[in-house]
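Working notes, beginning with the structure itself.
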Amino acid sequence: MNAHQWLELALYIGALVLVTKPLGLYINRVLNPNGRTWLDPVLRPFEKFTYRVLRVDPAKEHGWKQYAFAMLLFSLVSCLFTYAILRLQQFLPLNPQKLGALAQHLAFNTAVSFTTNTNWQSYGGESTMSYFSQMVALASQNFFSAAVGIAIAGALVRGIARHTAQTIGNFWVDLTRIIYYLLLPICLVLALFFVSQGMIQNFKPYTVAKLIEPQTVSVQKTDANGKPVVDAKGNPVMVNQTLDTQTIVQGPMASQMAIKMLGTNGGGYTNANAAHPFENPTPLSNFFQMLALLCIGSALTYHLGRETKNQKHGWAVWSAMFVMFLAGVLVCSWAEARGNPIHQQLGVAVADGNMEGKEVRFGIFDSALFATVTTDASCGAVNSMHDSFTPLGGLVPMFNIQTGEVIFGGVGAGLYGMLIFVILAVFIAGLMVGRTPEYLGKKIEAYDVKMTLLAFVILAFIILGFTAWASVSDWGKAGLNNNGPHGLSEMLYAYTSGAGNNGSAFAGLNANTPWYDTTLGFDMLLGRFGMIVPLLALAGSLARKKIVPASAGTFPVTGITFVVLLVGTVILVGALTFLPALTLGPIVEHFLMLKGTLF
Amino acid sequence: MQTKAVSVFDSKILWPAIGDAFKKLNPRLMVKNPVMFVTLVGAAISTVDAFRSPGQTLFVAQIALWLWFTVLFANFAEAVAEGRGKAQAKALRATRTRTSANKISGDRIEVVDADSLRKGDIVVVHAMEIIPADGEIVLGAATVDESAITGESAPVIREAGGDRSAVTGGTRVLSDEIRIRITANPGEGFLDRMISLVEGASRQKTPNEIALTILLAALTVVFLLAVVTLKPFGIYSGTIFSNAVLIALLVCLIPTTIGGLLSAIGIAGMDRLLQRNVLAMSGRAVEAAGDVDVLLLDKTGTITLGNRQAVAFLPAPGVTERELADAAQLASLADETPEGRSIVVLAKQFGIRARTIHELPNAQFVPFTAQTRMSGVNLEGKQIRKGAANSIRQFVGGKLPAEIEEMVETISLSGGTPLVVATRQRVLGVIHLKDIVKGGLSDRFKRFRAMGIRTVMITGDNKLTAAAIAQEAGVDDFLAEARPEDKLALIRQEQQGGRMIAMIGDGTNDAPALAQADVGVAMNTGTQAAKEAGNMVDLDSNPTKLLEIIEIGKQLLITRGALTTFSIANDVAKYFAIIPAMLMVTFPVIAPLNVMKLHSPDSAILSAVIFNALIIIALIPLALRGVKFRPLGAVQILRINLLIYGLWGVILPFIGIKFIDLIVAGLHLA
């Protein structure tokens with residue numbers, strides 16, 4: 001890393017630290033149904049109107065079961081709504097490219113993917129989605145799924161902070177307030193900023209441009225029905241084709257990109273995602289996209305501290321996240337900058353490191369930073385191809401996801417995921433201070449341990465289970481572009497990304513097949529709701545407990561010891577679960593690469 | 001139960017434990033412990049595999065053998081822990097000889113078998129007879145030898161009424177004759193309960209043990225997933241992992257160390273209490289002792305020596321100290337209370353030799369009565385009296401000299417008790433009686449404060465006295481002029497605030513508070529009601545025992561946490577031993593991952609399995625003894641234990657596995 005890159009890293013960290021407290025305070029008010037914000041004069045009437053339409057009594061709170069039911073119902077309805085739009089795309093307006101309906105499996109996969117805040121995309125946006133689908137189906141899901149995540153985190157924090165309470169908040173109120181007060185205003189500003197950087201926002205049909213330098217490519221010949229023509233031996237018949245035009249994507253991009261980053265959704269408008277010049281026009285837009293990605297996750301730790309009246313604990317959780325973030329960035333950028341010995345033997349750009357699959361506009365460091373940030377959060381937006389990273393460089397994003405995306409993490413999901421580890425750490429090590437483990441005054445008992453671990457076991461079960469299934473089945477291997485350990489990495493990454501609701505991919509995998517779409521769909525559903533429901537049960541259980549007043553004998557959830565313990569738990573538990581699989585994937589691949597074998 | 005400190009590996013316990021370890025292989029018992037059950041299944045599968053792996057038979061058989069050892073070692077740990085209790089139970093049973101009882105039916109006394117007695121029956125017990133069942137003395141008083149349960153050979157006095165009326169079946173009346181109302185049916189008596197408790201027959205998992213078992217089961221499931229999915233991953237990568245290797249990896253990863261020792265730790269915790277002569281009615285109570293936030297301590301007996309003692313004579317103007325001492329001693333000669341005796345002793349320091357009553361045949365001693373509230377002597381026409389200021393004021397005609405009033409005030413303010421000494425004609429001075437705070441308590445309370453435990457002294461004294469003693473003893477708070485219902489109210493109030501309370505008590509009026517407290521320790525000398533209400537009984541009836549009980553509770557929880565951390569931390573080294581060994585054949589490039597430079601893939605796997613089994617045996621003494629307890633704040637304890645059990649838990653197995661590998665390779669075992 002050169003001085004310029006260190007400076008950028010320092011700027012990024014500085015900006016993240018600066019934004020944490022004010023945004024955390026603001027979120028704290030948003031998550032309090034009676035909290036006052038300076039947007040009240042404008043938004044309060046809309047909020048009240050929404051409750052009237054939805055017939056919601058904002059003063060009535062829910063127990064955890066009711067809260068979970070409301071959340072599941074809402075997610076089901078919005079998932080079906082999205083599915084319907086995608087299936088009926090050709091009949092709907094704002095479709096200048098006359099794009100057809102999505103296949104059943106792809107529509108299912110996509111609807112699930114956007115409802116679960118995963119935004120795994122088995123399709124290329126510009127060649128699949130109409131403007132209507134992008135705006136009404138996908139962008140609105142970006143808002144909804146992000147708001148659901150934040151609401152769950154809010155409910156869990158309430159459960160921790162309250163005592164002898166039966167309720168953990170009102171889902172509809174949380175949802176409404178998060179969208180109105182938090183997501184919409186910031187996205188409005190962010191979208192305008194992106195437009196100022198050159199991002200597009202229009203309803204024009206795609207532009208066809210004449211190429212200055214026409215290209216000739218060899219393509220497979222097809223017959224009238226679009227079937228490939230083969231010769232007598234069964235080999236495809238190739239013909240030369242001259243390309244002299246290029247179709248350039250248009251559409252309402254800025255409005256969707258703001259929430260894509262802020263809500264850690266990550267679903268790209270274009271297939272190239274944030275590597276596309278329209279989706280990420282300048283280094284400045286790149287910087288603010290990365291900042292938007294982590295700011296809410298970071299601010300939620302402040303909210304945690306504020307709500308539990310233990311700000312030091314909030315910062316301790318933040319610090320644990322930060323340590324892992326920094327380690328990830330440094331390892332990833334080091335591995336990428338070090339490049340690939342085979343490239344070097346071929347005399348390719350030794351000094352530049354591994355530039356394969358990276359935008360020249362961003363280079364090694366911005367790509368590595370972006371990859372780390374996007375997998376720290378459950379975002380999945382990419383500005384480079386993770387598939388082309390060096391084995392160790394690619395291991396960082398994968399490990400980030402496998403540890404549960406708890407390094408600031410997806411909006412809400414990062415915090416509630418981290419709280420699982422906090423409770424695990426408190427339970428295992430808490431005994432060592434000679435008391436029944438307590439977290440912020442709440443005794444962690446059998447039921448709480450059960451719910452925490454249920455959320456954790458489900459994640460391990462679906463990631464390892466689906467990958468194992470795919471790795472020995474024909475449908476699984478058929479989707480691979482690469483063989484050997486790298487193929488395993490691709491499959492492992494896909495199910496990890498789906499279960500973790502990340503959505504980024506080792507793009508080598510062709511996942512738009514009925515099997516992959518369907519299994520990944522269930523992977524995402526279980527990864528999301530299989531985790532949320534036990535956590536809401538945990539929130540309900542914690543809310544009912546009394547708070548034991550802190551004393552010198554209380555397990556410390558602040559300070560360096562706790563930060564070290566928390567980081568150790570995240571890494572150890574994550575490593576112990578996934579190390580065997582990782583060894584056969586990226587780790588073997590790394591050693592093979594050092595010996596000169598590539599995949 | 002004079003069984004103090006049976007050594008961990010006493011041969012009387014060791015041999016039967018080896019047999020028990022095999023008996024415990026019964027799958028129906030094993031299934032209660034998910035971690036060891038998985039190990040058992042693994043051992044069984046690999047045993048079968050050993051016969052079906054031509055060329056690998058020796059290797060697989062060795063793996064299978066060590067897996068069986070792993071299970072047996074865990075069972076052995078539990079058996080050793082139980083063994084100590086069993087030995088004690090055996091000793092107790094021996095004392096429960098068949099006895100007969102003199103039952104009163106109507107106006108006759110009939111001799112019946114003790115087993116036929118029911119609650120509410122009345123029996124007569126004469127000197128040298130064994131008390132047939134638990135009961136309450138309704139008539140008479142007797143000295144009783146309770147060594148059968150307490151191990152204490154000095155006889156104790158039991159009498160009808162008051163707080164010392166309970167007697168226990170199996171103990172022996174040494175003198176006098178008492179009538180007892182039976183309070184327990186056969187088989188439900190204290191001794192029976194004690195036997196089943198020490199034997200562990202009625203042992204149930206405690207809340208924290210259940211939570212920990214869930215954690216261990218979940219980790220087992222996660223590792224099961226990680227290992228089972230390796231099979232398909234291996235197939236994809238072109239490697240076939242054998243069952244034996246996968247099972248070896250699985251058993252090494254699941255937390256067998258803590259899984260194997262968990263129940264032993266719990267049993268040993270109760271056992272450690274028993275060695276201090278405290279009988280916990282449930283493991284739950286021992287665990288709760290670790291969580292206690294507030295200690296309620298009765299002043300008398302716990303914080304102060306049972307009674308006040310004279311510490312100074314403050315003479316009135318014109319009276320010498322010696323004159324006052326002389327008068328005070330005379331007034332106290334017949335006073336057999338500890339206070340009275342302490343006055344006699346103090347007077348000796350002024351050169352006044354102790355006189356006996358017989359030396360003064362003309363003296364007429366006036367005992368203390370509730371009406372006069374004075375005691376003293378009439379001698380040679382002088383009426384010498386000592387008593388509280390109010391009583392003496394009346395005795396001398398309604399007024400005390402101003403100097404005396406001042407002394408009385410000063411002593412009261414300092415927490416002492418003033419006794420004024422006077423004759424009818426003249427007030428001689430004031431005796432300063434003081435509560436003597438037991439030595440070393442203040443340090444002990446300081447340690448508790450460091451652990452975050454608050455101590456509250458309960459006393460019937462007035463606030464001034466209470467405050468002074470509280471300060472001297474170093475307790476955090478006090479409740480003065482306390483009535484039994486105040487105690488109960490205080491406990492409820494603290495519990496409302498989420499705190500856990502421990503107290504020790506003996507009287508019937510303590511029973512509600514003992515029942516309400518999270519840890520209620522009843523003294524064995526106490527009433528039946530108190531013993532029923534509490535969840536522990538202190539056989540020595542020593543109130544300071546509460547402090548030890550709490551330390552044992554904490555030690556129990558720390559031991560569990562430490563071994564859990566250690567067990568999980570161990571996995572890092574085991575991964576580094578086994579994973580490279582598994583892949584070495586297909587991917588020789590990963591040789592650098594074999595950081596321990598283990599001899600061969602087979603020896604690496606075998607060494608990890610052997611280490612995993614031996615560590616259980618190595619840690620049995622620690623599990624039974626408990627980890628070292630340090631009276632520090634949570635932050636320091638956590639830091640120390642994380643370093644010892646976390647960091648060393650990572651490092652130690654690297655050394656251990658390497659060492660075992662050298663031996664395995666040296667012996668050409670693999």
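Throughout, protein chains are lettered first and strands after them, A, B, ... in sequence-line order, and every chain is numbered starting at 1. Just so it is clear, the model here is predicted, and its values are computed rather than measured. All values below come from the heavy atoms of this structure, side chains included, with hydrogens, waters and symmetry mates left out.
The residue among B/T564, B/L230, B/L253 with the most heavy atom pairs within less than 4.5 Å of chain A is B/L230. Ranked by non-hydrogen atom pairs under 4.5 Å with chain A, the options B/N208, B/L219, B/I235 are led by B/N208. The choice from A/V472, A/T452, A/V564, A/I560 that makes the most heavy-atom pairs within less than 4.5 Å of chain B is A/V472.
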Only pairs under 3.5 Å count here: list side-chain donor-acceptor contacts from residues 571-584 of chain B, not counting sequence neighbours, and write none if there are none.
residue: B/K574; atom: NZ; partner: B/C252; partner atom: O; Å: 3.0
residue: B/K574; atom: NZ; partner: B/N612; partner atom: OD1; Å: 2.9
residue: B/Y575; atom: OH; partner: A/L576; partner atom: O; Å: 2.3

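If you measure heavy-atom distances from A/T554 to chain B, the contacts under 4.5 Å come from the backbone alone. Residue contact with chain B, scored on non-hydrogen atoms closer than 4.5 Å, involves the backbone and the side chain of A/V433 alike. Interface remark: B/L632 contributes no atoms to any contact with chain A (heavy atom separation under 4.5 Å). Neither the backbone nor the side chain of A/K545 comes within contact range of chain B, judged by heavy atoms closer than 4.5 Å. Proximity to chain A (any heavy atom under 4.5 Å) is shown, for B/F233, by both the backbone and the side chain. For B/A450, the part lying near chain A is the backbone, with the side chain staying farther off; criterion is any non-hydrogen pair under 4.5 Å. Only the backbone of B/V292 comes within contact range of chain A, judged by heavy atoms closer than 4.5 Å.
Under the salt bridge (Lys or Arg N to Asp or Glu O under 4.0 Å) criterion, B/E209 pairs with B/R203, B/R560, sequence neighbours left out. By the salt bridge (Lys or Arg N to Asp or Glu O under 4.0 Å) test, B/K231 pairs with no residue at all, sequence neighbours left out.
Residues of residues 549-559 of chain B lying within less than 4.5 angstrom of chain A, judged on heavy atoms, are B/K554, B/L557, B/I558 in numerical order.
Taking a cutoff of 4.0 Å between a charged side-chain nitrogen and a carboxylate oxygen, B/D476 and B/R449 qualify as a salt bridge.
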